[in-house]
Every structure is written in structure tokens, then in C-alpha cells.
Amino acid sequence: MAPCSAPRSSPVHHLCVHILLAYLLAARWLVPSCSASFFRVPWAAGRHDYRDALAKSILFFEGQRSGRLPPGQRASWRGDSGVSDGAAAGVDLEGGYYDAGDNVKFGFPMAFTTTMLAWSVIEFGDSMPRDGRRHAAAAVRWATDYLLKTLAHPGVIFLQASARHCCCALPVCHVGDPWKDHDCWERPEDMDMDRTVYNVSAGRPGSDIAGETAAALAAASMVFRDADPAYAETLLTSARKAFEFADTYKGAYSDDPDLRAGGCPFYCDFNGYQDELLWGAAWLRRASKDDTFLQYIQNNGKTLGAEDSSNEFGWDNKHAGLNVLVSKEFIEGDALSLQSYKEFADSFICTLIPESSSPHITYTPGGMIYKPGGSNMQHVTSISFLLLTYAKYLSKSSHTVNCGDVSVGPVTLRLQAKKQVDYLLGDNPMKMSYMIGYGERYPQRIHHRASSLPSIKDHPQRMACKEGTPYFNSSSANPNLLIGAVVGGPGEDDAYEDDRADFRKSEPTTYINAPLVGVLAYFVGNPNPGHTRH
């Protein structure tokens, strides 16, 4: 008796099986090995509710608010915090966002967050539901109201911090002492450590933070141009002022010993300030149509490193985003002198295409964009945003991207972005969503003080600096869901351990979510990018 009883197969059946096996083997070898992860999905891919994910990605920012909370606050487990920020320096620096899972307000990443939130609304706001767009604009305004305060005193830009990360480079760099903040596991509502104020000035320049602040305010002015033109004009005027400061007093804020001590190694400017000068000028050109800024981009591109190749885009390195943004005018035929920026943007895109001959960005076995250093989802969301934005620009012209033997068009870029956002939302080897509150399975123990400690609404008694340590060390789930937060995500092996202490994987940040807002908005309007409506 055979080990398994079964009807004997006919010769025709054997022939069919052999043909099928030969077909599958041929298909396997016809797919380039470098791109295999893009064609094999070993888990069940699901249909995602992009509208729900978008709403939650915007709601996240309400959980990061600092200052007196407004009546419409939806993250109701949070309370007022940091209401006297700036008092130590005799200025009003209340408001803004905590950058991540700590209680520090870092100006550099906050300004970048603002730029990306505004860019999300500018490019993809038309795909947002009405309430979603209203909440997205409110998220932008919570940041810009604060950034305007950092510029309120002539000759200085405040950077503020609190007690974790570091640095910014505006007249207010940041508020809070990051080292003291990191020594406590404490709710923002209970903070009583020093809220040190950091700033840049003519004597200790910060072109990086000032340039990013200029970009943020200029981009935001476009968000409010129709609904609140007076506010939009205030933002644009302040953006010009920030850029003038950045260009007149050149230097990186982290080159100053005092600012470096207060912020590095958290948010040092590792990439230099030159990209922020071009980035700020590019956004002022986009928002104002002023030829002065077009000339600045044309005349200073080479000396400020516009051609620097990079497959990275984030709070420190703006080159890829700069080239995509500036190439729009060339693609649309309005500024043929900007052709080089289109070429630089193409070079960046080619690093994301596995079939191209360019050096490639790394992908995990599960298909996620991966760069070493932690908080990897920031790369997933920011690069996905650029893919969709560049696809939008290309689709309005006959332009494509030439990557050696491969010509790439808008549909390919959109599909590439969709794979990344679907991975984030649950189509991954762990079969879990990396957005809190989305899907059936998501991280429970995120590295976030306010989320992991009892809410001030449930536990109104003050909790001192060290009283939160047992909650940090606990294996219990966080008591407060920070809805919409996206954690740093898995490592190069696609593994995620849901460990609160592993901040590189389990900590959310504002600059992960900001570009994701635009990405999700696009897919709300175009869930099937292979058949995109224009």
C-alpha cells in the first residue's frame, strides 16, 4: 500500500503537471532577482480603507500638541502642557508639537513637519474628504502659529526644546533641555524640569533651521490663501524674513558649541545648511512666483550642492525633495533653465527602481524601503510622497524617467508608492499595521510618554519625574491609544518586537506622519493607481 491512498493519475495528468511546473520555473527565472520582492507577496494582501487611515494619520497630531488645548480637541486623554514655554527667556513660546515620544519641541524637525503637512494639502488636498482637509489645515496652523512666535523678535530665531532630542535653527531653535527630559518618563502635563530656550542669531547662525522655517511658512501660506488670505500673507511675509536671515547669516546651528551641547546627537544638522537655503528659496518661489527666488535657485544651485545625489529625504536632507519640487516648473514648460533639477530628480527616482542600472536603495525581503539608523518609516513615508508627487507632475506632460535600459512613467511610481503604504498598513510579513488604531493588529507598547502613562483625566494627581519608570518597564499595553501614530517600524529583516524600550522601532514622530497624510489622501481618491483618474 502506498503511503497515501489516492487515485492513480493518468498520463495526461502527469503531462499537465510537467507543463505547469515548467511554466512556473520559467516565470521565476524571468523575474530579475533584485526585484523579486516586488512580485512575490507571501502573505495575503488586503484591501485597505485609506479614508480611515487618512483620518487617523491627521488625528495623531492632536496627541502631539503642546500648549493650551482648544475646545475641539479630539485626543481627549491629553491635557494642557508647556503653557509657560519661553518664560525663562521673557518670550511666549507656547504651542507647537512635541516631535516624538518625549516632551521636547525641536524647531528643525517641527518646521520640516509643517512643510510636509502643507505640501500634502497643496498636492493632494483635493482628494481629502471635507472634514479631513479641515483637520489637516488645523494641524498645519497649530504649527505655523508657533513658528510665527519663534520669529517675533528681530535678529533672533528661537529653537526651543524640552528634555529630549535637540536642535533647531531659527531664532528659536528649540524649547526644553533634551538631556533632562530624557532622564524622566513623565507626562507632558506634569513637566517641572527646566524648559530651556535655544535660539540662533547673527552671532551664532542657523541657516538650516531658518531656511526650513521659511519653507514651512511659504508652503503653509498656500494652504490658507483662499480661506484666510490675511493669515496667508502674514505667513509669506514671515517666510521672506526667515529666508533673509538664513541667507545673510550663513552657518549650521549645530556648529555652535552651546546649541550642539543642547541638541546633538538628537537633531544635529549632519547634512549641512546649503540644502535648506535652496529648499527655502524653492518654496518661496512656488508660493510667491517672485522671479528673485527663481534666480536664486538658478544662480546658486551648483555652489549649494543641488546636484548632490541622495536617495534620502527627511528633516536633515532636502535634496531629493528640492529637486522634485523645482522640476515642476521645467516639466510644465515654465522655466526651461531648471532642466538640471529634473535630471537630478530622475537620478533619485532611478535609485528606487530595482530594474534600473543605478545603485539601488535597499529593500527588505518583504519589500519595505530600508535605510539603517532607526525610525525607518520616515523613509517609507517621505519617499512614497515624492514618488506620488513626481508622478503627478509627470502625468501632466509627456516626460518620463530614463533609468538606463528602463523608461519609467507615472503609473510605475504610483504602484511603487502603493506597495510601501500597503506594507505600512498591514501587507507585510508580520501581518500587522504599523499605524496605531488601524487594522486588527498594531503595536501596543509604543515609546511615548503620554501614551504609556495614565491619562491626566484618569489620574489627575501629579506624577513626578521618576514615577513613570515602572510604566516604561511594564510589559502591559499603553493605556492611551495615540490614534494614527506610525512607529519607526521593523528592521531590515521585517521583524518587529513591540518593545517600548526599543525607541528606534517603537517611537512615533511627527515627520513620519506628515508626508503620509499626502500619500493616504492620494489613495483615497485613487485606490487603484493602475487606472488613475486625472
Classify the side-chain pair [X]/[Y] by whether it contains a donor and acceptor separated by less than 3.5 Å.
X      : Y      : result
Tyr390 : Asp346 : yes
Ser66  : Tyr98  : yes
His448 : Gln64  : yes
Tyr341 : Gln298 : no
Lys418 : Tyr50  : yes
His48  : Tyr438 : yes

For the residue pair [X] and [Y], establish whether any side-chain heavy-atom pair is separated by less than 4.5 Å.
X      : Y      : result
Arg141 : Tyr231 : yes
Val487 : Tyr496 : yes
Arg240 : Asp290 : yes
Glu123 : Tyr393 : yes
Leu338 : Leu294 : yes
Ile512 : Gln378 : yes
Lys392 : Lys396 : yes
Leu278 : Val326 : no

[X] atom [atom1], over 12 foreign heavy atoms within 6.0 Å:
X      : atom1 : result
Arg504 : CZ    : no
Asp131 : CG    : yes
Gln444 : CD    : yes
Arg51  : CZ    : no

How far apart are the closest heavy atoms of [X] and [Y], and which atoms are they?
X      : Y      : value
Gly491 : Thr364 : O-CG2, 3.8 Å
Phe245 : Gly206 : CE2-N, 4.5 Å
Ser288 : Leu236 : CB-CD2, 4.2 Å

Quick one: list whatever passes side-chain hydrogen bond (donor to acceptor under 3.5 Å, both in side chains) with [X], sequence neighbours left out.
X      : result
Lys250 : Asp247
Asn300 : none
Lys241 : none
Thr113 : Thr510

Short question: side chain of [X], backbone of [Y] - any donor-acceptor pair under 3.5 Å?
X      : Y      : value
Asn271 : Asn317 : no
Lys56  : Gly437 : yes
Ser506 : Asp499 : yes
Gln73  : Glu62  : yes
Glu492 : Tyr370 : no
Ser327 : Lys342 : no
Asn428 : Tyr423 : yes
Asp498 : Pro443 : no
Ser384 : Gln420 : no
Ser120 : Leu516 : no

Nearest 0.5 Å, what's the [atom1]-[atom2] distance between [X] and [Y]?
X      : Y      : atom1 : atom2 : result
Leu325 : Ile297 : CG    : CD1   : 7.5 Å
Leu54  : Leu59  : CG    : CG    : 11.0 Å
Leu387 : Leu352 : CG    : CG    : 5.5 Å
Glu343 : Asn402 : CD    : CG    : 11.0 Å
Asn323 : Ser347 : CG    : OG    : 8.5 Å
Leu217 : Thr237 : CG    : OG1   : 10.5 Å

Show your working on ring-ring contact (aromatic ring centres under 6.0 Å, His included) between Phe348 and His319 and close with a plain yes or no. CA-CA 9 Å; Phe348 159 71; His319 285 108; over 10 Å; no

Would you say the rings of His135 and Phe61 are close, in the sense that their centroids are separated by under 6.0 Å?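 Between Phe61 and His135, the centre distance exceeds or equals 6.0 Å.
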
Assess the pair Phe293 and Phe243: is the distance between their ring centroids shorter than 6.0 Å?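 Yes, the ring centres sit under 6.0 Å apart.
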
Which residues share a side chain to side chain contact (heavy atoms under 4.5 Å, CB included) with Ala391, sequence neighbours left out: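 Per chain and number, Ala391 pairs via side chain to side chain contact (heavy atoms under 4.5 Å, CB included) with Pro410, Leu413, Arg414.
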
Step by step, would you call Val223 with Ile122 a side-chain contact (heavy atoms from CB on, under 4.5 Å)? CA-CA 6 Å; Val223 173; Ile122 292 166; 4.3 Å; yes

Could you go through the side-chain contact (heavy atoms from CB on, under 4.5 Å) check for Trp279 and Glu212 one step at a time? CA-CA 7 Å; Trp279 180 240; Glu212 184 62 64; 3.1 Å; yes

Do Thr412 and Val401 pass the side-chain contact (heavy atoms from CB on, under 4.5 Å) test, and can you show the C-alpha distance, the side-chain angles, and the key distance before you say yes or no? CA-CA 10 Å; Thr412 299; Val401 179; over 6 Å; no

Any carboxylate oxygen within less than 4.0 angstrom of a Lys/Arg side-chain nitrogen, looking at [X] and [Y]?
X      : Y      : answer
Lys419 : Asp422 : no
Arg133 : Asp126 : yes
Glu332 : Arg286 : no

Mind running side-chain contact (heavy atoms from CB on, under 4.5 Å) on Leu388 and Val519 for me, showing each step along the way? CA-CA 7 Å; Leu388 292 176; Val519 172; 3.9 Å; yes

Check whether Tyr296 forms a cation-pi arrangement with Arg285 (NZ or CZ under 6.0 Å from the six-membered ring centre, at most 45° off the ring normal).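 Not flagged: Arg285 not positioned over aromatic ring of Tyr296.
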
From Trp283, Phe313, Trp315, residue fulfilling ring pair (Phe, Tyr, Trp, His ring centres under 6.0 Å) relative to Phe112: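 For Phe112, the ring pair (Phe, Tyr, Trp, His ring centres under 6.0 Å) check succeeds only for Phe313.
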
Return the set of residues passing ring pair (Phe, Tyr, Trp, His ring centres under 6.0 Å) with Phe385 (not counting sequence neighbours), or none when no residue passes.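 So Phe385 forms a ring pair (Phe, Tyr, Trp, His ring centres under 6.0 Å) with Trp119, Phe124.
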
